[in-house]
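Below is one structure, written out as structure tokens; comments come after it.
Proteins get letters first, then strands, A, B, ... in listed order; numbering begins at 1 in each.
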2 protein chains.
Amino acid sequence: MTPASQPPRTREGSVLEASRSDDRGYQSDPTTVSLAVSTVIFALRPRPKTGLMTLWIPLVRRIRQPHKGLWALPGGPLGAEEDLAEAARRALRDTTALTPKYLEQLYAFGTVDRSPRDRVVSIVYWALVESAEASAASESDNVQWFEADSIPTLAFDHNTIVEYALWRLRTKLEYTRIAHAFLGETFTLAQLREVHEAVLGKELDPANFRRTIEASNTVVPTESRLAGTRHRPPRLYRSAEKPDRGPFTHHGGPH
Amino acid sequence: MTPASQPPRTREGSVLEASRSDDRGYQSDPTTVSLAVSTVIFALRPRPKTGLMTLWIPLVRRIRQPHKGLWALPGGPLGAEEDLAEAARRALRDTTALTPKYLEQLYAFGTVDRSPRDRVVSIVYWALVESAEASAASESDNVQWFEADSIPTLAFDHNTIVEYALWRLRTKLEYTRIAHAFLGETFTLAQLREVHEAVLGKELDPANFRRTIEASNTVVPTESRLAGTRHRPPRLYRSAEKPDRGPFTHHGGPH
DNA sequence: ACAAAAGTGTTGGAGGTACACCCATGT
DNA sequence: ACATGGGTGTACCTCCAACACTTTTGT
């Protein structure tokens, strides 16, 4: 019996992003519902002191009311000619200047009072960014990375959203191959295990991890090995083609 | 390795409901994105000939353009003072005049061209309705129940949405106790098994089903038994309190 | 040679499927 | 008495956690 995946019922703020261009802190027409798209971005980065890889999330500082000065999820209003995922990707590009290796819709948050004056419905996505790139990601006064375990108080209901995204990431890691999104073209099983350990926050048995992964057919071994270690050189693997299928390819075609 | 739960990328219509009050078939302001909420409603009802319980979905006939005359999911525009789930519940009440025992957000559909002229983002919910009530549900010229396995061609991308909802229902049935939502206060294990069989579309071993359910602690036995059968009277069960927990109660508290 | 991580083998427990069998009631 | 589903027992199989053990490199 696994946990239910009912998302939170929040009673807090909205998702007007820091980079919004108009200066009003409220909606002119109170009968209108406005639509925004935000993205929870995950990447693995080394923890400053220990150098150990952990989960990080970039946040943007709000430069307008409401919640001016607080950190918030990157996002913005949905463009009329823009798909939802495109908008999420744009939020990601604007803050981190990176391209996600994985992007999925998380949930639509829309309680009436989540923003103080506006009525905003936020469609939230979550994204995974390759570790190598994430290290070189832009950081500034208004954009900063935080460890997923120690997120400050955020604007609106964004703390709740981040928690939910974290839960989804951890849950989904166990039954899909999204972990590959954190890694490059080829990787060792130790590196893949490191990703799992960082996300789940616990150590895994190398022997059993190997067998579990091998049995899942999510990776294919290459001929090359990683040299330069001061021990036996580990084999490099690539991500398997695309055994990842949505619900439709399942019962859509012949069984 | 279970299937990934990436929803479809549709390239079709929107979700303007049949009961919408304005008569325009398009949006006045082309730069505005409008927001609608629809609901996929599930109930178990006996199949006409065989009497065997199967999955049914109520649909409404579109009485306006676009897609006038086609069947579509019940839904409507989101009210400014209305939570998303409320709007979904309203759609359900208006069509079936019933209260859902279970209601959960499915997905937000928002590709640019899903509606011919408008730009509509639909936040779709799915709901379960008690079988007993569903039998007495209202049906009219513009509201009709269809078997989940034989849905006609629907307006917009609603066929895709229904397929996705079906997939979610079947998947979630296996690791939660949502099956209870189809049943009344008390029920026999045979009835619960009948629900599972109807949703999954295959027979289950009564002996093993019993043990699986008992081990899951999702039901509690009562003292009463069901009489009037022409065999040994089966024990009645109730749904367990609330071992159903969202992601937050999980890692929100101490581990 | 030795440290260190890669990689293999082995065992025991948990859980799930198949199926034989007994139990209690209405007719 | 007997048909019918309720309910129990059990053997087997697969998957997974734990951990001992062997292999291959750099120093």
To the nearest angstrom, the CD-P distance between B:Gln191 and D:dG5 comes to 14 Å
Across the strands shown, which category fits A:Ala207 at heavy-atom distances under 4.0 angstrom: base, sugar-phosphate, nothing? base
side-chain contact (heavy atoms from CB on, under 4.5 Å) between A:Ile41 and A:Tyr125, intermediate numbers included: CA-CA 8 Å; A:Ile41 303 161; A:Tyr125 278 74; over 6 Å; no
Could you tell me the separation between the CG atom of B:Leu226 and the P atom of D:dT4, rounded to a whole number of Å? 18 Å
Just checking A:Thr212: base, sugar-phosphate only, or nothing, at a heavy-atom cut-off of under 4.0 Å? nothing
Quick one: do the A:Gln105 and A:Tyr107 side chains pair a donor with an acceptor below 3.5 Å? no
Please check if atom CZ in B:Arg238 has more than 12 non-hydrogen atoms from other residues, nucleotides or ligands closer than 6.0 Å. no
Whole-Å distance between D:dG5 C1' and B:Glu197 CD? 13 Å
What is the distance, to the nearest angstrom, from the CZ atom on B:Phe187 to the P atom on D:dG6? 14 Å
Could you check A:His231 against A:Asn208 and say which one's nearest nucleotide on DNA chain D is further toward the 5' end? A:Asn208
Do the rings of B:Phe187 and B:His180 sit parallel, tilted or perpendicular, given the 30° and 60° boundaries? tilted
Using only modelled atom types and a 3.5 angstrom limit, is any donor from either the side chain of B:Arg211 or the base of D:dG9 paired with an acceptor on the other? yes
By nearest nucleotide on DNA chain C, pick out whichever of A:Arg230 and A:Arg225 is the more 5' one. A:Arg230
note: A:Ile213, atom CD1; D:dC16, atom C1'; distance rounded to Å ~ 14 Å
Atom-pair distance (CD on A:Glu174; P on D:dC15), nearest Å: 18 Å
Please confirm whether B:Tyr164 and B:Trp126 have ring centers closer than 6.0 angstrom. no
In whole Å, I'd like the distance from the CD atom of A:Glu203 to the P atom of D:dC19. 14 Å
Can a salt bridge be assigned to the pair B:Arg45 and B:Glu147 using a cut-off of 4.0 Å between side-chain N and carboxylate O? no
Rounded to whole Å, CZ of B:Arg235 lies from C1' of D:dG7 at a distance of 11 Å
Answer yes or no: is there a donor N or O on one side and an acceptor on the other, between the side chain of A:Arg93 and the main chain of A:Leu98, under 3.5 Å? no
Can you pull the contact range of chain B along DNA chain C, 5' to 3', using atoms under 4.0 angstrom from its heavy atoms? C:dT17 to C:dG26
